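Here's the structure, in structure tokens; my notes come after.
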Amino acid sequence: MDRKTWLSILAKADTAELSALWDALALAPAFSWLRRPQIGAVMVQGRAGGTGAAFNLGEMTVTRCTLQLENGPVGVGYVQGRDAAKAEIAALADALLQTAAAQAILDGLIEPLRAKAQARKAGRAAKADATRVDFFTLVRGEDG
Amino acid sequence: MYVAVKGGEAAIDAAHDWLAEERRGPTDIAELTLGQIKGQMSLAIARVMAEGSLYDPDLAALAIKQARGDLIEAIFLIRAYRTTLPRFGASHPVETGDMACDRRISATFKDLPGGQVLGPTFDYTHRLLDFKLAADGALAARDVAEDVAEAAPDTAPEPMPRVTEFLNAEGLIEPEVDPGEAPGDLTRAPLELPASRALRLQSLTRADEGFLLGMAYSTQRGYARNHAFVGELRIGTVPVEMDIPELGFAIEIGEITLTECETVNQFRGSETAPPQFTRGYGLVFGQTERKAISMALVDRALRWKELDEDDLGAPAQDEEFVLYHADNIQATGFLEHIKLPHYVDFQSETELLRRLRQAFAAAPIQAEAAE
């Protein structure tokens with residue numbers, strides 16, 4: 001799994017699920033802040049007609065931080081919403097995924113988060129599928 | 001003109017205390033939680049996020065609670081909050097063609113790749129009050145998820161290509177091409193006219209739903225009629241991707257629910273181009289179907305110049321009228337300020353009126369002669 005994929009999973013994770021999985025790993029790596037958690041906004045863009053000129057749709061809240069493990073790699077956290085603790089876990093996980101602890105983080109955090117997100121998505125897709133319709137056009141009386 | 005006044009601190013404090021009490025309501029009834037508002041008033045959340053122009057369901061829930069359910073007041077709170085946030089950057093444009101759709105319908109094609117999916121819609125309900133919801137411990141709704149999850153495990157969702165793409169393939173509709181320009185941002189620079197389509201769309205997507213609905217309805221009733229079909233309406237989630245400077249690549253920073261409406265409108269052609277359908281576009285935060293359709297109709301009406309159409313003098317064609325009156329926070333700010341003390345203004349008007357009346361009383365003959 002590449003860094004882009006795990007960072008994307010962490011960013012979209014449900015906060016409660018992320019915290020629970022992280023706590024279960026019982027890791028407390030020493031680190032120093034390069035950038036303390038900061039809440040801000042990202043301007044989301046759309047496109048006219050879905051494929052045309054870009055336009056500004058509105059902002060979304062994002063929390064970011066950067067940290068460095070003691071004598072180790074730098075971890076970056078960018079997560080949706082306003083949650084410093086969530087950003088910190090994401091950055092710690094990102095840093096640890098660049099160390100020998102990577103497999104434990106993948107198995108204990110990233111994969112379960114991905115599986116939960118996928119299950120949620122499949123659940124919604126199944127609900128949507130149950131509302132799939134076929135419309136039949138009927139001959140209208142006045143047209144003969 | 002509003003002139004600053006002093007005094008009244010005790011009265012204002014008492015008014016605010018009472019406001020807090022009224023907001024809370026009877027204390028023998030449980031207080032609303034943000035989770036309840038977010039989960040059970042989700043369409044109010046969507047409206048506050050769309051018009052507040054900030055996607056954050058938790059904040060929208062807080063704003064609705066604080067505003068006692070007054071959605072424009074809630075939108076005001078969100079707009080005020082968003083000005084305090086540092087801007088980390090802009091996302092890549094979202095790919096609505098890859099949306100995970102809860103709902104996807106077309107009024108122009110009954111059989112379309114990916115199919116028609118109704119989703120959680122009010123359509124086809126009878127609009128009769130459901131008194132079961134008024135009863136404590138209302139009947140549990142049939143759990144659709146469990147019914148169907150077993151029936152169709154792990155089936156990959158069918159792709160849902162855009163309806164306009166089929167028409168594009170035949171050349172029947174004007175293409176929508178990306179000129180690659182960075183869009184203007186009306187939160188950073190005042191809106192100047194004539195506005196680019198990008199600025200118009202930004203303005204419309206955060207516009208007041210009621211205002212936009214009225215404008216869109218006027219086009220249907222004949223004011224700049226452009227005969228819109230809903231080519232496609234889709235509601236669902238898309239990931240939001242952004243370049244992260246410290247990483248040097250893009251990641252998904254979140255996932256948002258959007259409503260997109262593409263209208264197919266009557267054709268235009270010229271001496272050099274064959275007739276083609278034209279397009280209107282709506283894209284709005286959250287499940288906001290009425291707003292997205294309204295946006296598409298008004299977008300189409302505002303495009304009359306670039307499509308070489310006639311100015312019919314219709315309100316929905318008037319960019320200045322639409323864009324300068326569509327924002328409910330600007331509108332309510334100016335409207336509501338007239339209830340604040342205007343004593344000095346009013347005093348000068350009163351004095352002027354008294355002088356005019358004195359002059360009138362002093363010269364009754366001229367007044368009679370003038371009649």
Side-chain angles (χ1 to χ4, degrees), chain A residues 2-12 34-35 38-64 66 74 76 78-83 94 117-119 121-137, chain B residues 53-56 58-59 82 85-94 96-97 100-102 110 115-119 144-145 147-149 152 154 157 162 164 176-179 181 183 185 197-198 201-202 205-206 239-240 242 244 246-247 249 251-256 260 262 279 281 283 285:
Chain A
D2 62 8
R3 196 172 177 198
K4 174 181 170 135
T5 307
W6 76 57
L7 282 170
S8 300
I9 291 169
L10 289 164
K12 296 184 292 182
L34 299 183
R35 173 157 63 200
Q38 179 188 28
I39 295 170
V42 166
M43 178 56 90
V44 181
Q45 295 190 347
R47 288 188 185 285
T51 53
F55 69 96
N56 290 308
L57 182 62
E59 290 165 307
M60 62 182 276
T61 50
V62 171
T63 308
R64 69 176 176 190
T66 312
V74 171
V76 174
Y78 267 80
V79 297
Q80 181 167 16
R82 295 157 300 113
D83 193 332
D94 177 49
Q118 247 167 15
K121 208 154 241 172
R124 273 196 101 80
K127 280 188 197 178
D129 210 52
T131 68
R132 190 177 291 274
V133 288
D134 290 313
F135 286 114
F136 299 99
T137 44
Chain B
S53 204
L54 184 68
Y55 196 100
D56 187 318
D58 298 300
L59 276 182
R82 68 147 286 280
L85 295 174
R87 174 82 62 85
F88 292 166
S91 78
H92 295 178
V94 289
T96 52
C101 293
D102 285 352
K110 68 186 171 67
Q116 306 246 10
V117 172
L118 296 181
V144 182
D147 285 2
V148 295
D154 297 333
R162 292 174 184 289
T164 45
E176 202 65 86
V177 184
D178 176 18
E181 286 165 20
D185 182 355
R197 188 167 179 213
L201 290 171
Q202 183 183 10
T205 192
R206 53 194 253 145
V240 179
M242 185 174 91
I244 307 298
E246 53 267 51
L247 294 172
F249 54 86
I251 66 164
E252 289 172 5
I253 52 166
E255 193 167 60
I256 60 176
E260 181 184 53
E262 292 198 79
R279 308 159 67 129
Y281 188 65
L283 184 67
F285 280 160

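These numbers come from a predicted model, not from an experiment. Lettering follows sequence order; numbering is per chain, from 1.
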_Gap separating the CG atom of A/Leu57 from the CD1 atom of B/Ile256, nearest 0.5 angstrom_ =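 Reported to 0.5 Å precision, the distance equals 6.0 Å.
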*How many angstroms lie between atom CZ of B/Arg82 and atom OG1 of A/Thr61, to the nearest 0.5 angstrom?*
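Reported value, rounded in 0.5 Å steps: 12.5 Å.
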*May I ask you to say whether A/Arg47 pairs ionically with B/Glu176, meaning some side-chain N is under 4.0 Å from a carboxylate O?*
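No, A/Arg47 and B/Glu176 are not salt-bridged.
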_Please identify, among A/Met43, A/Gln38, A/Lys12, the residue contributing the most non-hydrogen atom pairs under 4.5 Å to chain B._
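Going by pairs under 4.5 Å, I would pick A/Met43.
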*Top residue by heavy-atom pair count (under 4.5 Å) with chain B, among A/Ala53, A/Ala128, A/Ala11, A/Ala48?*
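Heavy-atom pairs under 4.5 Å are most numerous for A/Ala48.
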Answer with side chain, backbone, both or neither: which region of [X] has an atom nearer than 4.5 Å to a non-hydrogen atom of chain B?
X        : answer
A/Gln118 : neither
A/Val79  : backbone
A/Thr5   : neither

*Take A/Met60 and B/Ile253, measure what side chain to side chain contact (heavy atoms under 4.5 Å, CB included) needs, and give me the verdict at the end.*
CA-CA 10 Å; A/Met60 62 182 276; B/Ile253 52 166; 4.2 Å; yes
*Without swapping roles, check the side chain of B/Ser91 against the backbone of A/Gln45 for a donor-acceptor pair under 3.5 Å.*
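Yes.
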How close do [X] and [Y] get, heavy atom to heavy atom, and via which atoms?
X        : Y        : answer
A/Ala54  : B/Ala198 : O-CB, 3.5 Å
B/Leu283 : A/Gly46  : CD2-CA, 4.1 Å
B/Glu255 : A/Gln80  : N-OE1, 2.9 Å

*Segment of B/Ile244 engaging chain A (4.5 angstrom heavy-atom cut-off)*: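 The side chain, not the backbone.
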*Atom group of B/Val240 that falls short of 4.5 Å from chain A, counting heavy atoms*: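 For B/Val240, the contact with chain A is made by the side chain alone.
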Among [options], which has the most heavy-atom pairs under 4.5 Å with chain A?
options                                : result
B/Thr96, B/Asp185, B/Asp56             : B/Asp56
B/Arg279, B/Arg162, B/Glu262           : B/Arg162
B/Glu260, B/Glu246, B/Met242, B/Arg197 : B/Glu246

*Do B/Leu247 and A/Lys4 touch side chain to side chain, with heavy atoms closer than 4.5 Å?*
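No; the side chains remain at least 4.5 Å from each other.
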*Using the side chain to side chain contact (heavy atoms under 4.5 Å, CB included) rule, take B/Tyr55 and A/Val44 through it: C-alpha gap first, then chi angles, then the decisive distance, then the call.*
CA-CA 9 Å; B/Tyr55 196 100; A/Val44 181; 6.0 Å; no
*May I ask you to check whether over 12 heavy atoms, not counting those of A/Arg124, lie within 6.0 Å of atom CZ?*
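For A/Arg124, atom CZ is not crowded (no more than 12 foreign heavy atoms under 6.0 Å).
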*If you draw the axis of the six-membered ring of B/Phe88, does the NZ or CZ of A/Arg64 fall within 45° of it and under 6.0 Å from the ring centre?*
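That pair qualifies as a cation-pi contact.
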